[in-house]
Amino acid sequence: MDRRSFLKSTSAAAAAATTAATAPLAAAPVAEAASEDTATGTAGSNAAPAIASGRCELTLALPWRDATAGPADRAHRIARRLEGALDGRWRIVLRHRTEDGIAALAAETADLYLGTENDNLPYHPAFAFFAALPGAGTFNAEDLVAWLRVGGGQELWNELAAGFGVKPFLAGHLGRWPGLWSARPIDSLADLEGARIAVEGLARDVVRGVGGEPAAIAADDMAAALAAGDIAAAEYGGPLASLELGLPGVARHIAGFGINEGGIGLSLGIRHALWDRLGATDRLVVAAVLAEETQSALAELRAHEKLLRALIRDRHGVTFRPLPSDVAIALDRVAERS
């Protein structure tokens with residue numbers, strides 16, 4: 001989409017979307033909610049009930065298998081941190097391999113989802129701003145946090161997601177400079193023509209724009225697809241995420257800084273009917289837990305990046321190479337137009 005027309009069609013898209021269910025949860029006792037959303041600074045309903053005591057069981061929808069190292073591990077960590085911070089009043093059950101978080105929240109088969117906002121692009125292309133934008137000069141993890149916290153990004157995200165019944169939060173990051181993993185080296189633009197490449201979000205449009213075939217493959221299936229030759233290349237996250245998904249074990253080459261150079265943000269969405277039931281204190285607690293989880297993820301990525309790149313090179317024999325100039329120029333040119 002044109003980056004200068006952000007949210008231009010949000011209202012129309014939201015009106016056409018499936019309406020999120022707003023019936024109250026059956027489990028927890030309720031009390032009066034605060035009249036202001038203290039976690040976001042936006043006005044709330046004076047009559048909205050709040051979960052003040054007792055316990056309720058919530059379902060967290062995930063796009064990954066339970067055995068997926070890394071992303072699924074982070075989901076378990078977030079769930080346990082939220083449970084502990086709310087003094088055990090939430091019990092969070094993880095539901096794996098849910099392809100559409102927004103649909104699950106709307107149908108009330110889940111109360112929360114964790115994934116990337118790239119999964120929500122069928123609802124509105126502007127969700128990409130909160131996951132990853134292709135090309136050079138886009139948000140890295142620190143830039144994304146700064147934009148959301150003090151640059152007005154969170155308010156835009158709140159407005160966009162509310163139209164689909166979701167209260168969104170940043171909940172981590174997959175790391176900058178993901179690179180293109182491949183079994184064979186990428187020597188020229190001709191190597192991408194007709195090649196099936198697994199990428200996320202608007203990067204699929206870029207792959208298509210340079211003559212490749214974008215492949216929509218789940219992150220935890222990428223290594224198997226590379227090993228079987230079903231795809232020629234894959235991109236998902238930085239060194240940590242790549243190791244967790246097993247990419248160095250099946251690919252011997254990594255080229256450039258990837259198409260989504262800044263990396264991909266992880267997000268947690270809460271069903272708005274549930275968010276509206278929370279009192280002011282609980283909203284602040286949830287926001288603080290997810291902010292702390294994001295900072296922990298950024299610290300892990302920064303502390304381990306150089307060591308992991310060395311391990312990938314020395315133990316797995318992976319060759320790091322810059323993208324050929326014709327490939328880099330073509331990718332940036334198409335990304336700028338997307």
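Residues Arg74 and Glu244 form a side-chain contact, since some pair of their non-hydrogen atoms from C-beta on lies under 4.5 Å apart. Side chains of Phe127 and Ser267 form no contact here, defined as non-hydrogen atoms less than 4.5 Å apart. When side chains are defined from C-beta on, Phe130 counts as touching Trp147, because their heavy atoms get closer than 4.5 Å. Between Trp181 and Val318 the shortest side-chain heavy-atom distance falls below 4.5 Å. Two residues are said to be in side-chain contact when any heavy atoms from C-beta on lie closer than 4.5 Å; Ile197 and Pro214 fail this criterion. Side chains of Asp111 and Trp90 form no contact here, defined as non-hydrogen atoms less than 4.5 Å apart. A 4.5 Å side-chain heavy-atom check between Leu58 and Arg271 finds every atom pair outside the cut-off. Using a 4.5 Å cut-off on side-chain heavy atoms (C-beta onward), Leu156 and Phe129 make no contact.
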After noting the C-alpha distance and the side-chain angles of Glu293 and Arg77, does the key distance pass the side-chain contact (heavy atoms from CB on, under 4.5 Å) rule?
CA-CA 9 Å; Glu293 176 63 27; Arg77 185 169 70 184; 2.7 Å; yes
Evaluate the criterion side-chain contact (heavy atoms from CB on, under 4.5 Å) for residue pair Val327 and Val210; output intermediate values, then yes/no.
CA-CA 8 Å; Val327 175; Val210 298; over 6 Å; no
One pair to check against salt bridge (Lys or Arg N to Asp or Glu O under 4.0 Å): Arg184 and Asp191. What are the steps and the verdict?
CA-CA 9 Å; Arg184 298 180 180 179; Asp191 293 326; over 6 Å; no
From CA spacing to verdict: side-chain contact (heavy atoms from CB on, under 4.5 Å), Leu243, His316
CA-CA 10 Å; Leu243 273 167; His316 293 279; 3.8 Å; yes
Verify side-chain contact (heavy atoms from CB on, under 4.5 Å) between Thr98 and Tyr113, making sure each step is shown before the conclusion.
CA-CA 9 Å; Thr98 302; Tyr113 69 74; over 6 Å; no
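At least one donor-acceptor pair closer than 3.5 Å links the side chain of Arg80 to the backbone N or O of Ile92. The main-chain N or O of Leu189 is found under 3.5 Å from a side-chain atom of Asp326 such that the two form a donor-acceptor pair. In terms of modelled atom types and a separation under 3.5 Å, the side chain of Glu235 and the main chain of Asn260 share a donor-acceptor contact. Under a 3.5 Å cut-off, the side chain of Asp276 and the backbone N or O of Ala273 do not form any donor-acceptor pair. A donor-acceptor distance shorter than 3.5 angstrom exists from the side chain of Arg55 to the backbone of Gly88, with no hydrogens or angles considered. Of the possible polar contacts, one joining the Arg283 side chain to the Trp275 backbone as a donor-acceptor pair under 3.5 Å is found. Although no hydrogens or angles enter the test, the distance criterion places no donor-acceptor pair under 3.5 Å between the side chain of Arg252 and the main chain of Gly317. The main-chain N or O of Thr59 is never found under 3.5 Å from a side-chain atom of Arg95 such that the two would form a donor-acceptor pair. Formation of a donor-acceptor pair under 3.5 Å by the Arg65 side chain with backbone atoms of Arg97 is not found in this model.
Once rounded to the nearest 0.5 Å, the distance linking CG of Leu105 with NE2 of His272 reads 11.0 Å. In this structure, CG on Leu62 lies 4.5 Å from CG on Leu94, to the nearest 0.5 angstrom. Remark: Arg321 CZ to Thr319 OG1 distance equals 8.0 Å, nearest 0.5 Å. The distance from atom NE2 of His253 to atom CG of Asp187, rounded to the nearest 0.5 Å, is 8.5 Å. One distance of note links CD1 of Ile264 with CG of Leu133; it measures 11.0 Å at 0.5 Å rounding. Going from atom CZ of Arg176 over to atom CD of Glu261 covers 11.5 Å, rounded to the nearest 0.5 Å.
Annotation for Leu202 and Pro134: closest pair CB-CD, 3.8 Å, computed over non-hydrogen atoms. In terms of heavy atoms, Met222 sits closest to Ile217 at CE-O, 3.8 Å. The nearest pair of heavy atoms linking Pro248 to Ser242 is CD-O, 3.2 Å. Among all heavy-atom pairs drawn from Gly201 and Leu121, the shortest one is CA-CD1, 3.6 Å. Trp64 and Ala72 make their closest contact through CE3-N, 4.2 Å (heavy atoms, listed as atom of the first residue, atom of the second, distance). Across every non-hydrogen atom of Ile231 and Ala234, the tightest pair is CD1-CB, 4.0 Å.
Under the 4.5 Å side-chain heavy-atom criterion for Ile, Leu, Val, Met, Phe, Trp and Tyr, Phe257 and Tyr236 are members of distinct hydrophobic clusters. In the hydrophobic clustering of ILVMFWY residues, with side-chain heavy atoms under 4.5 Å counting as a link, Leu144 and Trp177 come out apart. Ile329 is not connected to Ile259 by any chain of hydrophobic side-chain contacts under 4.5 Å among Ile, Leu, Val, Met, Phe, Trp and Tyr, and they are in different clusters. In the hydrophobic clustering of ILVMFWY residues, with side-chain heavy atoms under 4.5 Å counting as a link, Phe320 and Leu245 come out together.
Using a 30° and 60° split on the angle between ring planes, Phe164 and Tyr123 fall in the perpendicular class, above 60°.
One side chain, Ser296 or Glu292, offers a donor N or O that lies under 3.5 Å from an acceptor on the other.
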